[in-house]
Engineer: 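Please find one structure pasted underneath; my questions will follow.
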Amino acid sequence: MIRSFFSRYIDCPVLGDLVAETAKYAFPRRYEARNLEEALMSVPDLETVKYRVIKRTDYYEIREVEAGFDFNGASQSFNVLAAYLFGKNTASEQMEMTTPVYTRKVQPSGEKMDMTTPVITKRSPEQDKWQMSFVMPSKYGSNLPVPKDSSVSIKEVPGKIVAVTAFSGFVTDEDVKRREAKLRNALHSDGQFRVKEDASVEVAQFNPPFTLPFTRRNEIALEVERKAE
């Protein structure tokens with residue numbers, strides 16, 4: 001009777017999806033830690049941006065990030081972006097969540113970037129504006145449903161090399177400014193890589209709002225390039 005009782009619920013597609021999604025948050029994954037702060041961080045077991053680590057230091061690591069697709073809008077657009085993933089698109093397709101959410105400085109040209117996970121926000125030195133983006137699930141490739149909301153867009157993002165440093169807690173503008181300055185200063189001493197001209201900081205947030213501050217994983221990144229031999 002017990003086996004039969006549970007079988008009916010395990011075979012239920014809706015409950016099965018709920019259990020699978022809950023497990024991604026209940027059994028998070030961890031990154032290789034450089035210190036105690038990073039050792040306490042955890043992130044949901046969701047699809048994320050693919051990259052390989054080229055170099056690691058005590059403060060940052062250099063990553064080669066694969067090309068992909070972003071879904072982006074204004075920094076206040078989380079609900080609009082999430083609605084797209086949950087079916088507000090021309091195909092009424094419900095997609096899996098990804099991580100992180102990115103926020104980036106908007107480039108002077110008005111270039112937009114897309115959404116997965118983390119969430120990334122980017123800000124323009126002139127405009128002091130940020131843009132939020134989600135990473136798109138890789139299984140769709142370029143065949144992504146069209147958004148119904150014209151205020152957001154999908155964009156193919158080329159591969160790049162970035163310098164990244166992680167931190168816990170909640171993200172504030174002042175904290176981002178301080179950590180960006182520290183990362184730029186550290187990269188001045190790097191013998192292999194330098195910050196690309198006009199590179200803007202991007203912030204990645206991996207965790208849902210209910211996550212305890214000391215277990216949250218956030219990252220800031222700057223695009224870099226190899227120094228001439």
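All values derive from a computational prediction rather than experimental measurement.
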Engineer: Looking at residues at least two apart in the chain, or sitting in another chain, which of them share a side-chain hydrogen bond (donor to acceptor under 3.5 Å, both in side chains) with Tyr84?
Structural biologist: none
Engineer: How many angstroms lie between CD in Glu202 and CD in Gln131, if you round to the nearest 0.5 Å?
Structural biologist: 11.5 Å
Engineer: Picking from Lys160, Lys50, Arg52, what satisfies side-chain hydrogen bond (donor to acceptor under 3.5 Å, both in side chains) with Glu64?
Structural biologist: Arg52
Engineer: Taking the side chain from Thr165 and the backbone from Tyr59, do they hold a donor-acceptor pair closer than 3.5 Å?
Structural biologist: yes
Engineer: Please determine which of Arg63, Gln205, Met41 meets the side chain to side chain contact (heavy atoms under 4.5 Å, CB included) test together with Glu219.
Structural biologist: Arg63
Engineer: Can you tell me how far apart NZ (Lys88) and CG (Leu81) are? Round to the nearest 0.5 Å.
Structural biologist: 11.5 Å
Engineer: Just one of Glu37, Arg216, Arg217 clears the side-chain hydrogen bond (donor to acceptor under 3.5 Å, both in side chains) bar with Ser168, so which one?
Structural biologist: Glu37
Engineer: Between Asn218 and Val203 (side chain of the first, backbone of the second, donor and acceptor by atom type, cut-off under 3.5 Å), is there such a pair?
Structural biologist: no
Engineer: Search all heavy atoms of Gly191 against all heavy atoms of Lys55 and return the closest pair with its distance.
Structural biologist: N-NZ, 4.5 Å
Engineer: With side chain to side chain contact (heavy atoms under 4.5 Å, CB included) as the test, would you mind laying out the steps for Met95 and Tyr140 before giving the verdict?
Structural biologist: CA-CA 10 Å; Met95 306 180 195; Tyr140 294 96; 3.5 Å; yes
Engineer: Could you work out, with side chain to side chain contact (heavy atoms under 4.5 Å, CB included) as the rule, every residue matching Arg184, not counting sequence neighbours?
Structural biologist: Glu180, Val195, Leu222
Engineer: Shortest non-hydrogen contact from Gln192 to Asp190?
Structural biologist: N-OD1, 2.7 Å
Engineer: At what distance, to the nearest 0.5 angstrom, does CZ of Arg226 lie from CZ of Phe193?
Structural biologist: 4.0 Å
Engineer: If you take all heavy atoms of Val43 and Phe206, which pair is closest and at what distance?
Structural biologist: CG1-CB, 3.4 Å
Engineer: Please name all residues satisfying side-chain hydrogen bond (donor to acceptor under 3.5 Å, both in side chains) with Ser138, sequence neighbours left out, ordered by chain then number.
Structural biologist: Glu47
Engineer: Say you draw a straight line from CG of Leu187 to CZ of Arg194; how long is it, rounded to the nearest 0.5 Å?
Structural biologist: 12.5 Å
Engineer: For the atom pair NZ (Lys155) and CG (Leu144), what is the distance rounded to the nearest 0.5 Å?
Structural biologist: 15.0 Å
Engineer: Please report the closest heavy-atom contact between Pro145 and Thr90, naming both atoms and the distance.
Structural biologist: C-OG1, 4.2 Å
Engineer: Heavy atoms only: give me the nearest Phe86-Gln94 pair and the separation to one decimal.
Structural biologist: O-CG, 3.4 Å
Engineer: Considering residues, nucleotides and ligands other than Lys182, do more than 12 of their heavy atoms fall under 6.0 Å from its NZ?
Structural biologist: no
Engineer: Quick check for you: to the nearest 0.5 Å, what is the distance between Thr211 atom OG1 and Phe170 atom CZ?
Structural biologist: 8.0 Å
Engineer: Looking at every non-hydrogen atom in both residues, tell me the closest pair between Val164 and Ala221 and how far apart they are.
Structural biologist: CG2-CB, 3.8 Å
